[in-house]
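For the numbers below, each heavy atom of this structure counts, side chains included, while hydrogens, waters and symmetry mates do not.
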Amino acid sequence: MMYSISTFLMKQLRLPIFTSKIKIYHLRIVPPEPVFDEIVHLKNQFETAFGKQLLSKSKPHITIATFKMNSKYQDTLITAFDQLSRFENFNLTIDGFDVFDKNSNTLYLKITKTKSIEPIHKAVKILCSDNLGSRLKSLTIHKVPHITISKTKGSTTLYKSLAHFQKIGYFKQIVVDHFTLVSRFKHKTWDWAHQIKLS
C-alpha cells in the first residue's frame, strides 16, 4: 500500500518526542578563596602522585542535597530555595583527611560536625515537600559533610593516598555566607548555577 508524502509526514508528527528534561541538582557550599584554590592544589597533588582519577578534577564543594527534577519546574525551585536566605552566616571547620571505603573509594577532607548544618537539612526537606512534592524524582540529604579530593580505582590506592595526605595535613576555618544551587543533565557537565545569599 502506497502512502502520500503528506500522509507520511502526518504520521511522523504524531510520533511521541522523547526529549528528557530531567536534570540532576545539587545544593552545595562552595569554599571561599583562598581555601578554594588551596583545595584545588591538593587535588592536583593527588593527580601528580596517583594519576588522574574520577572526581580528581571536580571543583571543591560540600554537597548539602542531591535531587532529580524536570527543569521546567526550575522557577518554582528557585522561589522555594531562596527561602534558605533566612539562615545566618555560619562557620565550618575543615580538619584533615578521611575515606569512604565501602562501594565508594573516596578520599575527602573532613568537615567538623556542627549544629548549624542540621537545621539546613531539615529546611531543605520541608521546602521540597511543601513546594515540589511529587515533581521530585529523587532526594538525598548528605548527612556527612565533606569535600571530595578524588575517588580511586581500588582500595590500595585509596589507603596509600590517605596515608600520603595525612602526612601533609590540612586545617582551615571558613565562613559560609551563601549556598549555590547547580544542575546538569546526566553524563554532562554542570551548566547552570543560582546563588542564595545568607543573612
Side-chain angles (χ1 to χ4, degrees), residues 23-68 84 89-118 120-121 124 138-196 198:
K23 297 189 80 175
I24 300 167
Y25 289 83
H26 271 192
L27 180 67
R28 57 175 56 169
I29 296 166
V30 178
E33 301 291 357
V35 174
F36 184 94
D37 282 343
E38 290 171 0
I39 298 172
V40 169
H41 181 66
L42 290 171
K43 291 165 79 66
N44 289 339
Q45 282 188 341
F46 175 92
E47 287 195 350
T48 299
F50 305 100
K52 184 178 178 180
Q53 299 197 42
L54 186 63
L55 299 183
S56 61
K57 284 293 187 186
S58 65
K59 293 181 180 179
H61 65 273
I62 302 163
T63 304
I64 298 171
T66 302
F67 54 97
K68 294 179 183 179
L84 294 171
N89 295 356
F90 60 95
N91 297 324
L92 284 180
T93 301
I94 306 169
D95 187 9
F97 298 85
D98 206 344
V99 296
F100 296 128
D101 53 3
K102 292 183 179 179
N103 305 317
S104 176
N105 289 335
T106 302
L107 173 71
Y108 65 87
L109 281 165
K110 296 185 292 183
I111 307 298
T112 302
K113 288 185 179 181
T114 172
K115 293 180 180 179
S116 300
I117 293 285
E118 291 177 12
I120 296 164
H121 287 160
V124 169
S138 65
L139 172 64
T140 302
I141 302 295
H142 295 259
K143 295 293 183 69
V144 182
H146 64 278
I147 301 175
T148 297
I149 297 299
S150 182
K151 291 196 173 189
T152 67
K153 294 175 182 177
S155 59
T156 300
T157 302
L158 179 67
Y159 283 102
K160 281 183 179 179
S161 66
L162 177 61
H164 174 85
F165 281 99
Q166 282 179 331
K167 290 177 183 176
I168 297 171
Y170 189 79
F171 179 90
K172 281 292 168 71
Q173 289 184 318
I174 62 172
V175 176
V176 179
D177 62 5
H178 71 278
F179 300 133
T180 303
L181 192 59
V182 297
S183 72
R184 63 177 174 85
F185 288 104
K186 189 176 181 180
H187 305 308
K188 302 293 183 181
T189 56
W190 302 103
D191 59 11
W192 174 84
H194 173 71
Q195 198 172 97
I196 303 163
L198 303 186

Would you please classify the geometry between the Phe97 ring and the Phe165 ring as parallel, tilted or perpendicular, with 30° and 60° separating the classes? tilted
Report yes if the side chains of Ile168 and His164 come closer than 4.5 Å at any heavy-atom pair, otherwise no. yes
Ser161 side-chain N/O to Leu158 backbone N/O, donor-acceptor pair under 3.5 Å: yes
Indicate yes or no: at least one non-hydrogen side-chain atom of Phe179 is less than 4.5 angstrom from one of Ile29. yes
Just do the side-chain contact (heavy atoms from CB on, under 4.5 Å) check on Tyr108 and Leu55 with the steps written out, would you? CA-CA 11 Å; Tyr108 65 87; Leu55 299 183; over 6 Å; no
Does a side-chain heavy-atom distance below 4.5 Å link Thr148 with Phe100? no
Please name all residues satisfying side chain to side chain contact (heavy atoms under 4.5 Å, CB included) with Pro60, sequence neighbours left out, ordered by chain then number. Pro31, Phe36, Ile39, Val40, Lys43, Ile147
When rounded to the nearest 0.5 angstrom, what is the spacing between NZ in Lys186 and NZ in Lys23? 15.5 Å
Report the distance from atom CG of Asp98 to atom OG1 of Thr106, rounding to the nearest 0.5 Å. 11.0 Å
Got a second to check how far Ser183's OG is from Phe67's CZ, nearest 0.5 Å? 9.0 Å
Under 4.5 Å between any side-chain heavy atoms of Leu92 and Ile117, yes or no? yes
Between Thr93 and Phe171, the two heavy atoms sitting closest are CG2-CE1, 3.5 Å
Report yes if the side chains of His26 and Trp190 come closer than 4.5 Å at any heavy-atom pair, otherwise no. yes
Within-4.5 Å side-chain heavy-atom neighbours: Phe50 and Thr152: no
Could you check if a side-chain atom of Arg184 sits within less than 4.5 angstrom of a side-chain atom of Thr189, using non-hydrogen atoms only? no
Going by distance alone, is a donor N or O of one side chain under 3.5 Å from an acceptor N or O of the other, for Ser56 and Glu47? yes
How about NE2 on His178, more than 12 heavy atoms from neighbouring residues, nucleotides or ligands closer than 6.0 Å, or not? yes
Polar side chain donor-acceptor pair, His142 to Thr140, under 3.5 angstrom: no
Other residues, nucleotides and ligands only: do more than 12 of their heavy atoms fall within 6.0 Å of NZ on Lys172? yes
Let me confirm one number: the CG-CD1 distance from Leu162 to Ile149, rounded to the nearest 0.5 Å. 11.5 Å
Run the side-chain contact (heavy atoms from CB on, under 4.5 Å) test on Asn91 and Gln173 for me, step by step, so that the C-alpha distance in whole Å, both residues' side-chain angles and the decisive distance to 0.1 Å come before the verdict. CA-CA 7 Å; Asn91 297 324; Gln173 289 184 318; 5.9 Å; no
Are Ile94 and His146 close enough that some pair of their side-chain heavy atoms sits under 4.5 Å apart? no
Is it the case that over 12 heavy atoms from other parts of the model lie below 6.0 angstrom from the NZ atom of Lys110? yes
My understanding is that only one of Thr180, Ile196, Ile62 makes a side chain to side chain contact (heavy atoms under 4.5 Å, CB included) with Leu27; could you say which? Ile196
Determine whether Val182 and Arg28 satisfy the following criterion, side-chain contact (heavy atoms from CB on, under 4.5 Å), listing intermediate values before the conclusion. CA-CA 8 Å; Val182 297; Arg28 57 175 56 169; 3.7 Å; yes
